[in-house]
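So that the names make sense, note that chain A is the first sequence line, chain B the second, and so on, each numbered from 1. In what follows, every heavy atom counts, from backbone to side chain, and hydrogens, waters and symmetry copies are set aside.
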Amino acid sequence: MRHQLSRNVPQNRRLRGLRKPPLSGKMPVPFNFATAIAAALQEAASVLEMDASIFAPEVRTADPRHGDFQANGVLPYAKRTQQNPRALAEKVVSALPASISAWCKVAIAGPGFLNFTLQPEALEAWLTTYNDEASLRAGAKSAQPEANQTFVVDYSAPNTAKQMHVGHLRSAVIGEAIARMLDFSGAKVIRDNHIGDWGTGFGKLIWAYKRELDAAALESDPLEEFERLYKVGNRAADDSEAVLIEARQELVKLQSGDAENLAIWRRINEVSLAAFQKIYDQLGIQFDTTLGESFYNDKVDQVYDELTKIGLAEESQGALVVFHPEHPRFKTQPFMIRKSDGAANYASTDLATLLYRREHFDADAAIYVIDSRQSDHCQQLFLTAQKWFARTGRRLPRLEHTSFGTVLGENNKPLKTRSGENIKLRDLLQEAIERAASLVAEKSASLPPEEQQHIANVVGVGSVQYADLCQNRSSDYLFSWDKMISLEGNTAAYLLYAVARIRSIFRKLERDPLDTSASDGASALATPAEINLARKLAKFPEALAGAVGPLRPHVLCLYLFELAGEFSSFYTVEKVAVEDPAVRARRLRLCARTLLLLETGLHVLGLRTLARM
RNA sequence: GCGCCCGUAGCUCAGUUGGAUAGAGCACCUGCCUUCUAAGCUGGUGGUCGGGGGUUCGAUUCCCUCCGGGCGCGCCA
């Protein structure tokens, strides 16, 4: 289903990988070797007049024992065309464009696997060419299909009048990482915080506000007080039919523009947004727009009108709903776009929002970073939008429900406090920082206290972010302080430590990592550790593509972890600050690029990095 | 009842158009600090990929079925 909805996105032009890279004075090398190999294979297939509709190169990272990349596409092609796979493989290899042999070695293995091994000179050329963030961005922009497309990323989206709690963590962290990955790939990104600022809960809250307000509490911690009032109102309405009716009247007054209720509502939102911003500041999140549900109040009538006019929406039990007769479930499970009391709900505003994104932002894609439990809603939304846009002659953006699982506690139940309350994000981040601080005090006691505090901040918050990002987002995520902050294995601290160690080398040698003259006179890569590190470095573009395409940040995390591991091995066996200037220069270049990719990668994921720890 | 997701080493997880001997981390055992940060590195133990069937040169991956777990399904968002 998602597939059909995505079809108006331009196909990834495999040839992109062959575009000319920036001039480096060295051999020209592509940004992404894997896509360049795939393009070369398709060129060979075309020379051999193979059926392009059947042949897919299937280039992927190889087991290092077999080389850097492998292409398996010859096998299925030979099977379908009833040829000897080995013989076909030989023909394909001999038809490869000459340009490719300049930078890699090709071998045929087994029944017809093609193995590609990058030449050391190619690795060196890549390291020389992509030597700062700007050149990496330029490379990504040339190779990534997302470049120059407009993406609206819808994430975080908490409800006002409540504090952000652990349930809001994943959307914020994953959404920010995705926004940054897209931005890095050359896309135009609009970060939209679609806050819930117009729910029916406001009636109850205003009811309680007018009767139970604790002025002192409002002064000292307004959000806490709003949250208390909401609970008071909710309980009262549950207990009493009369209260419920009064609360509904407060909502009607609000919606019809009553000055007093509107003022209360504004105050609530103001306070809420300020509180959210404190969390966002800690997580490095900066939205481009915050267009909540209230913004679409006056835009839902058009949705009702159009959907009714084209016969998509119908009246049912007093409500306006959409059914999808061709769908096994949605032919009977309604998509309610207007409640029987005439009020809008999130289906109405989501439809209006999508139209706004299409028309106002000219969105090519809308990415919804929302809990997987809302997959029915998203499917119905997308299906409805697809028909609506098609019948009104509008271009449908690519629509993605970038779903994620629940944050679970150690008992495998949704994470809560001992008393069963939601854990506030504020408290969670505070605890992360405190836990990191005690570790810093133990490991880095010699550093000045204010720097220790800074390190604790970066490590603590980064650990929370990274723990969330490094796992496949679609599964539930087991929250464990010990694993997160234990600083071993695939954690933020391990990566930050590698960064700090590299920075320390440059500090000791009084060199700037971005000063490329440090690697002047470098000799050729020689030792296994050097070559392994260089090979891993040159695979960054593939990791980026693998993360951005399916919007899965953990692919990038895994790459960074492996890169840091490769660096740590290198660091242990090869001293950088050696006497021989040629050896030192080539190792310094490896360090500089490792630093560049680790820092760039972590920043793309939304983490901060450190000079010392 | 209908539907979606998940099940891989003791634990937490990678493994995505079907590919080479299924990989990491933690834990456990083993070595390595007078040399650039040991929050590190090296080696090792550990698997009926939930069970069964099917598709084929080849299945953790695709299909069927069963078991187990999570979630969703008319006026909250």
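Glycosidic conformation of C63(B): anti, with the torsion beyond 90° of 0.
With a cut-off of 3.5 Å on both pairing distances, the Watson-Crick or G-U wobble partner of C26(B) is G10(B). Pairing partner, A38(B): none, since no Watson-Crick or wobble contact has both distances short of 3.5 Å. Pairing for U21(B) is absent, judged as Watson-Crick or G-U wobble with the two contacts each under 3.5 Å. Across the strands present, U48(B) finds no partner; the criterion is a Watson-Crick or G-U wobble pair with both atom distances under 3.5 angstrom. The partner of C4(B) is G70(B), by the rule that a Watson-Crick or G-U pair needs both atom distances under 3.5 Å.
Within 4.0 Å (heavy atoms only), Q317(A) reaches at least one base atom of the nucleic acid. Among the atoms of the strands shown, none is found under 4.0 Å from any heavy atom of I502(A). Residue E562(A) is classed as having no contact, given no heavy-atom separation below 4.0 Å to the nucleic acid. At the heavy-atom level, V573(A) lies nowhere under 4.0 Å from the strands shown. Using a 4.0 Å heavy-atom cutoff across all strands shown, D350(A) reaches no nucleic acid atom at all. In this structure, R612(A) reaches the bases: a heavy-atom distance under 4.0 Å links it to at least one base atom across the strands shown. Using a 4.0 Å heavy-atom cutoff across all strands shown, L439(A) reaches at least one base atom of the nucleic acid. Using a 4.0 Å heavy-atom distance criterion, S480(A) is classed as making no nucleic acid contact. Within 4.0 Å of F561(A), counting heavy atoms only, lie sugar-phosphate atoms of the nucleic acid but no base atom. Using a 4.0 Å heavy-atom criterion, one finds that S316(A) contacts the bases of the nucleic acid, with or without backbone contacts as well. At the heavy-atom level, A109(A) lies under 4.0 Å from base atoms of the strands shown. As judged by a 4.0 angstrom heavy-atom cut-off over every strand, E442(A) is placed among residues making no nucleic acid contact. At a threshold of 4.0 angstrom between heavy atoms, the contacts of S475(A) are confined to the sugar-phosphate backbone, with no base atom among them. Using a 4.0 Å heavy-atom distance criterion, E574(A) is classed as a base contact.
With both ends at atom C1', the span from A38(B) to A59(B) equals 43 Å, rounded to whole Å. Remark: the separation of the C1' atoms in U12(B) and G46(B) is 15 Å, to the nearest Å. G68(B) and G10(B) are spaced 22 Å apart, taking the P atom of each and rounding to whole Å. Taking atom C1' on both nucleotides, C32(B) is separated from C67(B) by 48 Å, rounded to a whole Å. U42(B) and U16(B) have their P atoms separated by 25 Å, given to the nearest Å. Comparing C11(B) with C49(B), their P atoms are spaced 16 Å from each other, to the whole Å. Annotation: U48(B) and G44(B) have their C1' atoms spaced 24 Å apart (nearest Å). Atom P of C63(B) sits at a distance of 38 Å from the matching atom of A27(B), rounded to the whole Å.
Side chain of S519(A) to main chain of A522(A): no donor-acceptor pair is present (N/O by atom type, distance under 3.5 Å, no hydrogens or angles).
Side-chain contact between F567(A) and I502(A) is present, with heavy atoms from C-beta onward closer than 4.5 Å. With a 4.5 Å cut-off on side-chain heavy atoms, R473(A) and H554(A) do not count as touching. L560(A) is listed as a side-chain neighbour of L605(A), based on a closest heavy-atom distance under 4.5 Å.
Atom pair D341(A):CG and C75(B):P shows a separation of 12 Å (rounding to whole Å applied).
In this model, no donor atom of one side chain and acceptor atom of the other lie less than 3.5 Å apart for N345(A) and R338(A). Defined by atom type and a distance below 3.5 Å, a donor-acceptor pair is present between the side-chain atoms of H324(A) and T384(A). Judged by distance alone, the side chains of T160(A) and N269(A) do bring a donor and an acceptor atom under 3.5 Å apart. Side-chain contact annotation: N472(A) with S474(A), donor-acceptor N/O pair under 3.5 Å present.
Using a 4.0 Å cut-off between a side-chain N of Lys or Arg and a carboxylate O of Asp or Glu, K539(A) and E566(A) do not qualify as a salt bridge.
Side-chain nitrogen and oxygen atoms of K339(A) include at least one within less than 4.0 Å of the OP1 or OP2 phosphate oxygen of C76(B). Residue Q471(A) places at least one side-chain N or O under 4.0 Å from the OP1 or OP2 atom of C13(B). In this model, the phosphate group of G15(B) is approached by a side-chain N or O of H554(A) to a distance below 4.0 Å at OP1 or OP2. Phosphate proximity of U37(B) to S504(A): present, with a side-chain N or O under 4.0 Å from OP1 or OP2. Note on Y494(A): every side-chain N or O is 4.0 Å or more away from OP1 and OP2 of A24(B). For U16(B), the OP1/OP2 oxygens have no side-chain nitrogen or oxygen of N472(A) closer than 4.0 Å. Taking side-chain N and O atoms only, K508(A) has a distance below 4.0 Å to OP1 or OP2 of U37(B). Listed pair R60(A) / U17(B) meets the phosphate criterion, a side-chain N or O lying under 4.0 Å from OP1 or OP2. At G72(B), none of the side-chain N or O atoms of S372(A) fall inside 4.0 Å of OP1 or OP2 (strictly under the cut-off). Contact check, R501(A) against A38(B): a side-chain N or O comes under 4.0 Å of OP1 or OP2.
Judged by atom type and distance alone, D63(A) does not reach the base of A22(B) through any side-chain donor-acceptor pair under 3.5 Å. No N or O donor and acceptor, one from the side chain of T572(A) and one from the base of A38(B), sit under 3.5 Å apart.
Note: W481(A) and F479(A) have perpendicular aromatic rings, judged against thresholds of 30 and 60 degrees for the angle between ring planes.
Set against G3(B), C11(B), G70(B), the side chain of K483(A) has C11(B) as its closest nucleotide. The listed nucleotides are A38(B), A27(B), G72(B); the one nearest the side chain of R373(A) is G72(B). The side chain of Y497(A) lies closest to G40(B), out of C2(B), U35(B), G40(B). Proximity note for A577(A) (side chain, C-beta onward) versus U21(B), G70(B), C36(B): the nearest is C36(B). In this structure, of A14(B), C36(B), C41(B), it is A14(B) that holds the atom nearest to the side chain of L558(A). Distance from the side chain of M336(A) is smallest to G74(B) among G74(B), U35(B), A39(B). Taking every side-chain heavy atom of I455(A) into account, A39(B) is the closest of G74(B), C36(B), A39(B).
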